[in-house]
Amino acid sequence: MNWLMKSEPDAYSIQKLQKEKKTWWTGVRNYQARNYMMKDMKVGETVLFYHSNAEPPGIAGLAKVSRLAEPDPTQFDKKSDVFEARASKAKPMWFCVEVEFVAIFPRFISLQDLRDEKKLTTMQVLKKGQRLSIQPVTDRELSVVKKMGGL
DNA sequence: GCCAACGTTGGC
DNA sequence: GCCAACGTTGGC
């Protein structure tokens, strides 16, 4: 499977990932997104890096899964705003995969561009009220998006 | 198990 | 800043 992962660029942008090369996708506190990371995301799978709450919002680049899920260390950090009092090291609640930079799209693909592309009407990110921060993407959707982005 | 209240997401 | 849509919490 391929994936779309949302990040607010003010918090963590594709440019930052390019500099850092890799990052653990910490801070996810949604069960469905967690389950995707824990059970479904495999090393080498492609990730569309989506900038949410951005001007404009859209897909900024490509990444890939570089490590399988491990317990999210931020859940144990009392100073973190995503600290999880119910979790323990023996029984972690939240997990994260590691993601590696692949490319920034030569052409940024705005949400409006995605909406205007008839081949992408099935994309989850285009569905009204879709807030899930990690979403599966089909091979067909991925290849259309890559073409639109100039890769 | 139901569901109202609440908090969050994220486009606009 | 607004607010619709959604997920989670907690009383019952």
Side-chain angles (χ1 to χ4, degrees), chain A residues 1-20 23-41 45-65 69-99 101-138 140-142 144-151:
Chain A
M1 188 55 71
N2 320 289
W3 306 95
L4 179 145
M5 298 175 92
K6 296 182 189 172
S7 182
E8 303 194 11
D10 289 346
Y12 199 95
S13 65
I14 185 88
Q15 287 78 15
K16 189 159 181 195
L17 182 63
Q18 182 180 36
K19 285 199 199 96
E20 296 186 346
T23 192
W24 286 95
W25 205 262
T26 58
V28 171
R29 296 293 182 269
N30 169 281
Y31 289 104
Q32 196 174 347
R34 178 202 69 177
N35 291 344
Y36 281 142
M37 289 198 282
M38 271 178 75
K39 298 176 180 166
D40 299 317
M41 294 180 82
E45 290 180 336
T46 297
V47 172
L48 295 172
F49 198 113
Y50 182 88
H51 280 174
S52 60
N53 259 318
E55 192 47 56
I59 299 173
L62 281 179
K64 66 182 178 186
V65 179
E70 293 193 8
D72 179 343
T74 63
Q75 72 194 300
F76 307 123
D77 179 2
K78 284 192 176 138
K79 287 175 221 142
S80 168
D81 54 4
V82 286
F83 171 70
E84 178 58 73
R86 295 168 294 177
S88 67
K89 297 251 165 114
K91 282 197 175 173
M93 284 181 63
W94 304 109
F95 288 76
C96 53
V97 295
E98 187 194 58
V99 162
F101 177 81
V102 173
I104 291 174
F105 279 124
R107 288 196 299 277
F108 179 86
I109 310 155
S110 71
L111 181 59
Q112 191 59 53
D113 294 337
L114 295 172
R115 289 219 167 92
D116 291 342
E117 175 50 66
K118 283 186 185 133
K119 291 174 189 157
L120 294 180
T121 52
T122 57
M123 271 194 95
Q124 285 198 32
V125 74
L126 301 181
K127 295 209 180 101
K128 189 177 177 183
Q130 179 54 270
R131 305 188 310 176
L132 193 59
S133 67
I134 300 179
Q135 306 174 0
V137 172
T138 67
R140 183 174 182 76
E141 290 161 357
L142 175 66
V144 172
V145 168
K146 281 168 80 169
K147 208 169 284 177
M148 289 171 76
L151 287 176

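Keep in mind that what you see is a predicted model, and the values were worked out from it rather than measured. The sequence lines fix the lettering, A, B, ..., with proteins before strands; numbering per chain opens at 1.
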In residues 27-40 of chain A, which residues come under 4.0 Å of DNA chain C by heavy atom?
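Heavy-atom contacts with DNA chain C come from A/Asn30, A/Tyr31.
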Keeping to residues at least two apart or across chains, list the salt bridge (Lys or Arg N to Asp or Glu O under 4.0 Å) pairs with something in residues 72-84 of chain A.
A/Arg29-A/Asp72, A/Glu84-A/Arg86
Applying side-chain hydrogen bond (donor to acceptor under 3.5 Å, both in side chains), can you list everything that pairs with [X], at least two apart in sequence or on another chain?
X	result
A/Ser110	A/Asp113
A/Asn53	A/Glu8
A/Trp25	none
A/Arg107	none

Produce the list of close N/O pairs, under 3.5 Å, pairing protein atoms with atoms of nucleotides 3-9 of chain B; give distances to one decimal.
unit_1 : atom_1 : unit_2   : atom_2 : d
B/dT8  : O2     : A/Arg131 : NH1    : 2.4

Output the residues of residues 111-124 of chain A in contact with DNA chain B, where contact means a heavy atom of the residue under 4.0 Å from an atom of the strand; sort by number or write none.
A/Leu111, A/Arg115
Side chain to side chain donor-acceptor pair (under 3.5 Å) contacts in which one or both residues fall within residues 116-127 of chain A, not counting sequence neighbours
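Matches after skipping sequence neighbours: A/Gln112-A/Asp116, A/Thr122-A/Glu141, A/Gln124-A/Gln130.
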Between P on B/dG10 and CD on A/Glu55, what's the gap in Å once rounded to a whole number?
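Rounding to the nearest Å, CD of A/Glu55 and P of B/dG10 are 16 Å apart.
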Protein-nucleotide distance (A/Lys128, atom NZ; B/dG11, atom C1'), rounded to Å
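In whole Å, B/dG11 C1' lies 11 Å from A/Lys128 NZ.
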A/Phe83: partners by ring pair (Phe, Tyr, Trp, His ring centres under 6.0 Å), with sequence neighbours left out:
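Testing A/Phe83 for ring pair (Phe, Tyr, Trp, His ring centres under 6.0 Å), a comparison that skips the adjacent residues, returns none.
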Tell me, please, which residues at least two apart from A/Pro73 pass side-chain contact (heavy atoms from CB on, under 4.5 Å).
A/Thr26, A/Cys96
Taking for each residue the nucleotide of DNA chain C with the nearest heavy atom, is it A/Arg86 or A/Gln130 whose nucleotide lies nearer the 5' end?
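Looking at DNA chain C, the more 5' nearest nucleotide goes with A/Gln130.
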Verify whether one side chain among A/Trp3 and A/Gln135 offers a donor that lies under 3.5 Å from an acceptor in the other.
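The criterion, which ignores hydrogens and geometry beyond distance, is not satisfied for A/Gln135 and A/Trp3.
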Could you pull out all residues at least two apart from A/Glu70 that satisfy salt bridge (charged side-chain N to carboxylate O under 4.0 Å, His left out)?
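Here the qualifying residues are A/Arg67.
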